[in-house]
Each structure stands twice: as structure tokens, then as C-alpha cells.
There are 2 protein chains.
Amino acid sequence: MDNKTTLQKILDVGQHLIQKNGYNGFSYADIAEQVGIKKASIHYYFPSKKELVQAVLQQYHKDFLNDLFQIDQQFNDPVKKLKAFFQLYRNTLDNNSKICLCTMMAAEISSFPEEIRGNINQFFVDNAKWLENVLAEKKATENPIQAEDLRDQARLFLAVAQGAPLLVRTSGNFAQYDSMVDHLLTNL
Amino acid sequence: MDNKTTLQKILDVGQHLIQKNGYNGFSYADIAEQVGIKKASIHYYFPSKKELVQAVLQQYHKDFLNDLFQIDQQFNDPVKKLKAFFQLYRNTLDNNSKICLCTMMAAEISSFPEEIRGNINQFFVDNAKWLENVLAEKKATENPIQAEDLRDQARLFLAVAQGAPLLVRTSGNFAQYDSMVDHLLTNL
DNA sequence: GTCTATAAGATGATAGAC
DNA sequence: GTCTATCATCTTATAGAC
């Protein structure tokens with residue numbers, strides 16, 4: 001994995017640092033150290049920090065949509081899809097106690113210009129839309145349900161995916177995440 | 001309200017700034033400007049930023065526990081208590097689009113020493129404990145339930161209270177918060 | 001208690017050599 | 001592309017006068 005371009009290394013380390021410490025919690029010096037270059041070199045690729053974070057967000061968003069696509073390919077059962085969805089967020093936790101990039105950026109939203117705020121929101125919209133579709137598959141086999149209710153339930157699931165990692169990372173007990181998800185999926 | 005002590009003004013402005021911009025997103029200069037004193041004066045009350053944030057957290061935690069106590073005094077119906085609980089988090093949103101202090105601090109947890117991390121966790125534990133008690137009241141009148149399940153459900157509710165504000169503040173549509181809570185309470 | 005002055009270091013960013 | 005050197009600014013924090 002050492003044959004990554006410098007650009008890719010910067011993006012990956014940048015993403016890691018934002019998920020770990022937040023946009024206001026890392027510096028060009030941190031990236032330089034972990035990538036093995038000098039601060040000035042980062043400016044060659046990303047003249048400003050805002051441009052860097054935007055590129056990181058774009059990569060994260062694209063990768064996540066691909067993950068959702070893979071889930072759709074792999075499973076037919078809606079409940080299994082939902083479990084796989086929550087497993088994505090669990091994988092992030094397992095990977096160095098990180099949280100979703102957009103959970104972090106949503107908390108720090110006051111630091112970003114309007115365009116980036118829109119991009120963060122689009123990530124959530126895409127998450128909710130995917131959840132809504134899966135929940136619709138589930139409900140189709142059971143009693144009919146209002147479209148409005150489906151949207152609310154999808155957003156509720158997403159709220160859990162955003163909030164639960166914050167709780168269990170603070171407690172240090174990641175198993176609580178699984179219990180919460182189990183409870184949610186059992187009572188849906 | 002101008003008869004507040006300087007100490008109290010610093011605590012209140014500090015709390016506001018952390019909820020709005022995060023611990024890594026505000027400086028002593030910001031507090032000084034809003035309180036109407038000089039930076040150096042803040043150090044008279046709080047020699048370091050860590051001591052300031054700890055005092056802010058302590059005040060926030062105390063005020064929140066008092067809010068929960070007031071809810072217990074005001075309502076008997078468990079469902080009404082739960083609605084009032086989520087209304088507390090909604091009030092924070094309505095107040096200048098702020099989020100819970102501990103949602104923000106949980107996101108920035110890597111910036112804090114072990115002692116403060118423990119204090120943040122205690123806030124969540126107290127929240128979950130209160131929710132568990134209220135949910136137990138509710139279930140007592142219906143079918144019996146496992147204690148373990150109650151704890152999971154309480155944490156799930158708390159995860160929604162932590163995650164939903166992040167979502168709706170990003171979308172700008174606060175009404176989505178109410179819909180999510182309605183959905184949660186209707187299907188509990 | 002609050003101020004001025006200042007330190008010591010970090011930060012994002014630029015210029016220009018190689 | 002990556003470096004050294006440098007900048008202007010901001011950051012937390014301290015010393016000492018009033």
C-alpha cells in the first residue's frame with residue numbers, strides 16, 4: 001500500500017485526522033508528519049485547508065455510496081441490508097475509534113462555508129434515501145405504510161447511526177452499539 | 001440579567017461558544033469580546049482552557065439534571081416525560097441552532113484528558129439512567145420486559161437525542177426532529 | 001479584579017530555489 | 001513536486017502595574 005500517490009496519502013491521512021480530531025483539531029503539520037513530507041508540499045495539492053476538507057468529503061461520500069451499492073448487490077433481505085448498514089458505522093468505530101466523517105463535520109458545521117454545509121447535508125440525504133428504500137422493501141411484504149412515515153423512520157435510523165457511535169466511543173463499550181442496533185431492528 | 005458576575009458571564013459565554021463552535025473552535029479572545037473584558041482577565045478565573053471547559057461542563061451537567069428533576073415533578077405520565085425530555089434537546093436547537101454540549105464534546109473527545117472524558121460519559125450515563133427509569137414506569141403498566149432490554153432502549157433513545165439534532169441542524173429543517181421523535185414515541 | 005505588555009509557540013499560507 | 005525560508009496572524013498563557 002506504499003505505492004499510493006502523495007495526493008492519495010494526503011487525502012487518506014486528512015480523512016483519518018478529521019474523523020479522529022475534527023477539522024479544527026488537526027493541522028497541516030500533522031498531515032505532513034504522517035505522510036512524510038513538508039507542510040509546504042501540501043499546499044501544492046490543496047492551496048487552502050477548506051479545499052482539502054472538501055476533497056476529503058467528496059472521497060468519503062463516494063466511497064460510502066459505493067459501500068451502499070455493495071450491500072444492495074450482496075443482500076436481498078431488507079433486514080440484512082439494514083444490519084449491513086449499521087455494520088458500516090460499526091466498522092468505522094472498530095477502525096481506531098473513529099466516527100463518521102460527517103458526524104464530526106456536522107458538529108463543526110459553524111466552521112464551514114455554505115457550499116461545504118450543502119455537501120454534508122447531501123451525504124445525510126443520500127443515507128436517508130437509501131434507508132427509506134430499504135424500509136420500503138421491508139414494509140411492502142407487510143402492512144402498507146404512509147410514505148411520510150417511511151421518511152421519518154429512515155431519518156430516525158440515520159440519527160441512531162450518527163448518535164450511537166458518539167455514546168459508545170465515550171463509554172468505551174462498543175458492544176453497546178450492537179445492543180442498540182439489535183433493539184432498533186427487533187422492534188421495527 | 002446584567003447583574004451577573006464576571007465569572008458567570010464567562011461560564012455562560014464559554015458554554016455558548018462550545019455548543020456553537022466546539023472546544024477547538026473558540027478562543028479566549030472570543031470570550032473576552034462577548035463578555036466585555038480582556039483576555040488576561042479570563043485567566044484570573046480559569047488559568048487554563050481545560051479548567052474552563054471543565055467548569056462549563058459541570059454547570060451544564062448540573063443544570064440538565066435539574067431540568068430532568070423538573071420534568072419528574074411536572075408529569076406523571078411516562079410518555080409525557082419522554083416528550084419533555086426530547087423537548088429539552090429541541091429547546092437547545094431553537095436557541096441559536098446549538099447542540100448539546102456533550103454531543104459536541106463527545107465528537108471532540110480526543111482533545112480531552114481522561115478526567116474530562118469521564119465527566120462527559122457521566123452525563124450520558126445519567127441521561128440513560130433517567131430514561132431507563134421512565135421507560136420502566138411505562139412498561140410496568142404493560143407487558144413485563146427484561147432489564148437488559150430497558151437499558152438498550154434507553155441508550156437508543158439517548159442516541160436519537162444526540163444524533164437527530166446533528167442531522168436537522170445540517171438540513172436546516174428543525175421540524176424533522178419533531179417527526180423523528182414522534183415516530184420513535186409512537187412505535188415504542 | 002482588571003488592565004497592558006509580552007512571551008513562546010502553533011497556524012495557514014506564500015515565495016522562490018532545486 | 002518537494003524543499004527551505006519566511007510571513008502575518010492567532011493561540012494559550014504569564015508578569016506585573018494599577
Side-chain angles (χ1 to χ4, degrees), chain A residues 1-59 104-105 108-117, chain B residues 1-57 59 104-105 107-113 115-116:
Chain A
M1 299 294 177
D2 214 18
N3 51 357
K4 283 196 293 188
T5 62
T6 299
L7 173 64
Q8 194 56 52
K9 287 182 191 168
I10 294 172
L11 283 173
D12 291 351
V13 170
Q15 179 184 318
H16 168 79
L17 285 170
I18 299 175
Q19 289 182 257
K20 193 85 182 168
N21 305 332
Y23 174 76
N24 293 318
F26 84 100
S27 71
Y28 271 45
D30 297 323
I31 293 187
E33 189 189 355
Q34 292 193 30
V35 172
I37 53 176
K38 298 295 173 180
K39 278 196 305 173
S41 304
I42 304 173
H43 287 280
Y44 169 77
Y45 297 96
F46 303 102
S48 83
K49 201 179 177 187
K50 293 268 194 306
E51 283 163 278
L52 168 59
V53 71
Q54 197 141 22
V56 167
L57 178 52
Q58 192 177 354
Q59 162 176 279
M104 185 65 88
M105 292 184 70
E108 294 180 298
I109 198 144
S110 74
S111 300
F112 303 118
E114 200 51 53
E115 187 187 356
I116 294 184
R117 295 184 194 199
Chain B
M1 299 295 177
D2 214 18
N3 52 356
K4 282 196 294 189
T5 63
T6 299
L7 174 64
Q8 194 56 53
K9 286 182 192 170
I10 294 172
L11 283 173
D12 290 351
V13 169
Q15 180 184 318
H16 168 79
L17 285 171
I18 299 174
Q19 290 183 256
K20 194 83 182 170
N21 306 332
Y23 175 76
N24 292 317
F26 84 99
S27 71
Y28 272 48
D30 297 322
I31 293 188
E33 188 189 354
Q34 291 192 30
V35 171
I37 54 177
K38 297 295 171 181
K39 281 192 300 174
S41 304
I42 304 172
H43 287 279
Y44 169 77
Y45 296 95
F46 303 102
S48 83
K49 201 181 177 185
K50 292 269 193 306
E51 283 164 279
L52 168 59
V53 72
Q54 197 142 21
V56 166
L57 177 53
Q59 162 176 279
M104 183 66 87
M105 291 184 70
E108 294 181 297
I109 198 146
S110 74
S111 301
F112 304 118
E115 187 187 356
I116 294 185

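We name chains A, B, ... by the order of the sequence lines, and we start the count at 1 in each one.
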**Asked** Can you tell me how far CD of B/Q34 sits from CG of B/D30, rounded to the nearest 0.5 angstrom?
**Response** 7.0 Å
**Item:** Protein-nucleotide distance (A/K49, atom NZ; C/dT11, atom P), rounded to Å
**Value:** 8 Å
**Request:** Tell me yes or no: between the side chains of A/D12 and A/Q8, is some donor less than 3.5 Å from an acceptor?
**Result:** yes
**Complete:** Between OH of B/Y45 and C1' of D/dA13 the distance, given in whole Å, is 18 Å
**Message:** Does any part of the side chain of B/I31, heavy atoms only, come nearer than 4.5 Å to the side chain of B/I37, both counted from C-beta?
**Reply:** no
**Request:** Let me know the distance between CD1 of A/I42 and P of D/dT2, rounded to the nearest Å.
**Result:** 11 Å
Extract all donor-acceptor atom pairs below 3.5 Å that involve side chains of residues 14-26 of chain A and protein atoms in other chains or at least two apart in sequence.
| residue | atom | partner | partner atom | Å |
| --- | --- | --- | --- | --- |
| A/Q15 | OE1 | A/Q59 | NE2 | 3.1 |
| A/Q15 | NE2 | A/Q19 | OE1 | 3.0 |
| A/H16 | ND1 | A/K98 | NZ | 3.2 |
| A/Q19 | NE2 | A/I99 | O | 2.8 |
| A/K20 | NZ | A/N96 | O | 2.5 |
| A/K20 | NZ | A/N96 | OD1 | 2.9 |
| A/N21 | OD1 | B/S110 | OG | 2.8 |
| A/Y23 | OH | A/K50 | NZ | 3.4 |
| A/N24 | ND2 | A/S111 | OG | 2.9 |

Close N/O contacts between protein and nucleotides 3-6 of chain C (under 3.5 Å):
| residue | atom | partner | partner atom | Å |
| --- | --- | --- | --- | --- |
| C/dC3 | OP2 | B/K38 | N | 2.7 |
| C/dC3 | OP2 | B/S41 | OG | 2.7 |

**Request:** Please indicate whether B/E51 has more than 12 foreign heavy atoms, meaning atoms of other residues, nucleotides or ligands, lying under 6.0 Å from its CD.
**Result:** yes
**Message:** Working to the nearest 0.5 angstrom, can you tell me the gap between B/T6 OG1 and B/I42 CD1?
**Reply:** 10.5 Å
**Message:** With the threshold set at under 4.0 Å for non-hydrogen atoms, list the residues of residues 13-34 of chain A touching DNA chain D in residue-number order.
**Reply:** none
**Message:** Checking contacts here: which listed nucleotide (C/dG12, D/dG1, D/dT14) is nearest the side-chain heavy atoms of A/Y44?
**Reply:** D/dG1
**Asked** From A/K49 NZ over to A/L52 CG, what is the distance, rounded to the nearest 0.5 angstrom?
**Response** 8.5 Å
**Message:** For a 4.5 angstrom cut-off between non-hydrogen side-chain atoms, does A/E114 reach A/R117?
**Reply:** yes
**Request:** Check the distance between C/dG1's P and B/Q8's CD and give it to me in whole angstrom.
**Result:** 15 Å
**Message:** Quick check for you: among C/dA13, D/dT14, C/dT2, whose closest atom lies nearest to any side-chain atom of B/T6?
**Reply:** C/dT2
